[in-house]
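Have a look at the structure below, then the notes.
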Amino acid sequence: MTTTADLAARLRELPDEVLERLVLARHLPTAVLGETGPQHIADFFDLAEALRTDDAVDAAIERLPRRTLLALLGTTSEASATALAPAVELGLADADGGVDAAVTARLTAHPAVAGLAGAAPDDRLPADPPGGPDHRDRPDGPDERAGSDEADEASHTDGPGRTGRDGRTDGPGRTDDAGETDVAVTPGAADDERARATGAEHAFETLTVLAELLRIVDAGGVRELAKGGIGAPLARQLAERTGADADVVPDRLRLLDRTGLAGPEDGTWVLSEAGHAWTASSWPARWATIVQRWRAVLDPAVREVLDLAGDDLHDLVSLGRWAYPAGSRWLDAALLDTAGTAGVLGLAVDGRRTGAGRALLADDTDEAVRAAEADLPHTVDGVYLQHDLTVIAPGPLSPSDDDELRQVADIEAPGLAARYRVSEDSLRRALRAGRTRDELVALFTRLGTTDVPQPLSYLIDQVATRDGSVVVDRGEGGVGSVVHGTPDQLDLIGVDAELRQLAWERPELTRLATRYPPHVVVTALEEQRYPAVLAGGARPDTRSGPPGRRRTAARSPEQAAHALVERLRLTTERGDAEPEQEWMARQIDMAIRGRTPIRVTVRMPDGSEKPFSIVPTSVAAGRVRGKDTAVDVERTLPLSLVVTVESDA
């Protein structure tokens, strides 16, 4: 049985990378991983104690699959290294199969695990026990499975009514009171085609919302509250701009965060490099990428249950409780969330995985893109240019065409048949971004299915002629502003009642002057619809916003684990500089607190070494006192002569 001292010694010998993975996998509380505080870890003994607490062991047991729990319980004649590997990685057992005493105690106390004592030792999913799929989590020993070889061959089932031995999926079985099982019929080709069409529709709707959110994030339009998350007003605003319900906007943002396409940084959401690449990719590539990134961040237990479920996602919770008997506290919610996200991403319809869903969840990226191309609506090459200055896309545009159109028009209704609107402001924005009048006409001519309507052509000419004709620059000596323009334009500006507060002076026919700074003047002119622009030297210093409280970025779990390991190594180096005395003293101290026997090797006066098995009772004045278990006498041994200390439990 492994004790705290044994675990501390084993942890000490682990490579840094392995130790960091173990700390991460155990999900220790933040207070324990901190550098200060009453619960912080100072050395390997503290870490071993933290890993052996009831809460820490229970949390680790919840992450163990069925085969590992059976191996820890000793229900098999020999515990295979493969079955015990997850427990070894979590520090619950050693490489030789020795199980920590604290783990054994918690396994016995856990009601879901204790019931596995008579369970079948193999890794195969049993057939549905009596009572149907709702009772899959009850003990299923060898006598509780199918009673005859004929029945077993007839079922050919490796899961609760799911995947047969030949790899085909026939849907969940249902057992009635008479013991007769009705096997659901596999949907036909027509049903599968309808499911794929429905899944593709759901996927395209989600992809559209995600793309719109990424554009808003890139423009700095998503800010978090101080307590985290977004507020209800922002959620409603984002819903209006993306065409989604306000209730689903936070979920879509969480999906972007989980997949690494965007995330909060100092209170403002920003796009990652992967997010920029995603917005520039085609619709099929977008679908394949978001699914693969989502699957990659799923918990390994969730992925395992998904693989066991095959195409039927109806009873993921029941299947999860069979595969991970102790994990219902966290796994139930994770599986329900996974099933919901699979539906949102168009991978499953009515609880069944579609053909495209199977391809997208596989590891073959090229096949996933091909499946997405086959199911998603094909992009269109042209749009309808309306006389009311709206632009209607009869289908999805390619990302490049959509991006170009957004530079000259504002999106009003994103979706499968998107609607854009051309306005004076949108054309002015394009011109100030460097486009010419001829380039605007060429773009509408290329994208339009008909000639450019006369109202649109007239608006382009009007804006191109007027835009930038009024220039605002700094005044003499850098004080105030001067406005340059034609005499007619300045006549209108000078007598405009809405601009009277600027107190104009007119030293020349083509120049107005005011004491206000250039950025104030140009804003006032733009509000009154004058084609004003700032001169290059008059632009104010770029600022992201008013100064505010900067939140200290919290350390990620990976950073906390790395810092802990570095701190432990530093402590060990200091201990090594004092000939292992500190390490052995801590081992003895742990044995005293746990009242566990230890084997102490002492260097005798003649130079030989002699072991003593004692139950230590105290350490003081450089000596350890304890009861010798071999001869039942009290011994006092000098610590300076102690060579090694080993557990004798």
Side-chain angles (χ1 to χ4, degrees), residues 24 27-34 59 202-203 205-279 286 289-291 293-299 302 329-347 411 414-415 543-561:
L24 273 175
H27 303 284
L28 294 174
T30 304
V32 174
L33 296 177
H202 293 168
E205 179 181 349
T206 300
L207 294 176
T208 301
V209 173
L210 296 179
E212 294 301 319
L213 284 174
L214 287 177
R215 289 182 178 277
I216 298 171
V217 166
D218 195 28
V222 181
R223 296 186 65 87
E224 284 204 327
L225 301 174
K227 63 180 180 181
I230 63 172
L234 179 57
R236 289 192 294 269
Q237 178 186 349
L238 295 177
E240 183 178 351
R241 295 179 62 179
T242 60
D245 293 333
D247 295 339
V248 307
V249 168
D251 292 333
R252 301 300 178 266
L253 286 174
R254 278 193 292 270
L255 180 59
L256 291 175
D257 191 15
R258 289 184 63 189
T259 54
L261 300 183
E265 185 176 304
D266 293 334
T268 302
W269 279 63
V270 295
L271 243 67
S272 65
E273 293 184 5
H276 283 290
W278 191 85
T279 56
R286 287 178 177 181
T289 301
I290 194 73
V291 171
R293 295 181 72 89
W294 169 71
R295 188 180 188 278
V297 298
L298 290 177
D299 191 276
V302 175
R329 186 173 65 173
W330 71 274
L331 189 55
D332 287 1
L335 290 173
L336 290 174
D337 177 73
T338 300
T341 305
V344 166
L345 291 175
L347 308 176
I411 185 75
R543 298 183 184 273
S544 59
R549 182 181 301 173
R550 185 179 181 87
R551 293 187 296 178
T552 303
R555 290 193 304 179
S556 67
E558 292 78 8
Q559 292 172 330

Is there a donor-acceptor pair under 3.5 Å between the side chain of [X] and the backbone N or O of [Y]?
X	Y	result
T268	E265	no
Q559	S556	yes
R252	L213	no

Calculate, to the nearest 0.5 Å, the distance between atoms [atom1] and [atom2] belonging to [X] and [Y] respectively.
X	Y	atom1	atom2	value
I290	T341	CD1	OG1	10.5 Å
E224	L253	CD	CG	8.5 Å
T242	E205	OG1	CD	10.0 Å

Determine whether more than 12 heavy atoms belonging to other residues, nucleotides or ligands lie under 6.0 Å from atom CZ of R293.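 Yes, because the 6.0 Å sphere around CZ of R293 holds more than 12 heavy atoms from other groups.
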Within a radius of less than 6.0 Å around CD of E240, do more than 12 heavy atoms belonging to other residues, nucleotides or ligands occur?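 No, the 6.0 Å shell around CD holds no more than 12 heavy atoms from other groups.
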Evaluate side chain to side chain contact (heavy atoms under 4.5 Å, CB included) for I216 paired with W269, printing each intermediate quantity in order. CA-CA 9 Å; I216 298 171; W269 279 63; over 6 Å; no
Please name the pair of heavy atoms, one in [X] and one in [Y], separated by the smallest distance, quoted to 0.1 Å.
X	Y	answer
L345	A203	O-CB, 3.4 Å
E212	R241	OE1-O, 4.2 Å
R286	A211	NH1-CB, 3.8 Å
V217	L271	CG1-CD1, 3.4 Å
L238	G221	CD2-O, 4.5 Å
P414	G243	CG-N, 4.4 Å

Should R223 and I230 be marked as a side chain to side chain contact (heavy atoms under 4.5 Å, CB included) after you check the CA-CA gap, both sets of side-chain angles, and the distance that decides it? CA-CA 7 Å; R223 296 186 65 87; I230 63 172; over 6 Å; no
Side-chain touch T338/W294, heavy atoms, less than 4.5 angstrom: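 Yes; the side chains approach each other to less than 4.5 Å.
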Contact check, side chains of L24 and E558, non-hydrogen atoms, under 4.5 Å: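 Yes; the side chains approach each other to less than 4.5 Å.
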I'd like a table of donor-acceptor pairs (distance under 3.5 Å, sequence neighbours excluded) in which one partner is a side-chain atom from residues 256-263, with atom names and distances.
from	atom 1	to	atom 2	distance (Å)
R258	NH1	D337	OD2	3.4
T259	OG1	L255	O	2.7
T259	OG1	L256	O	3.3

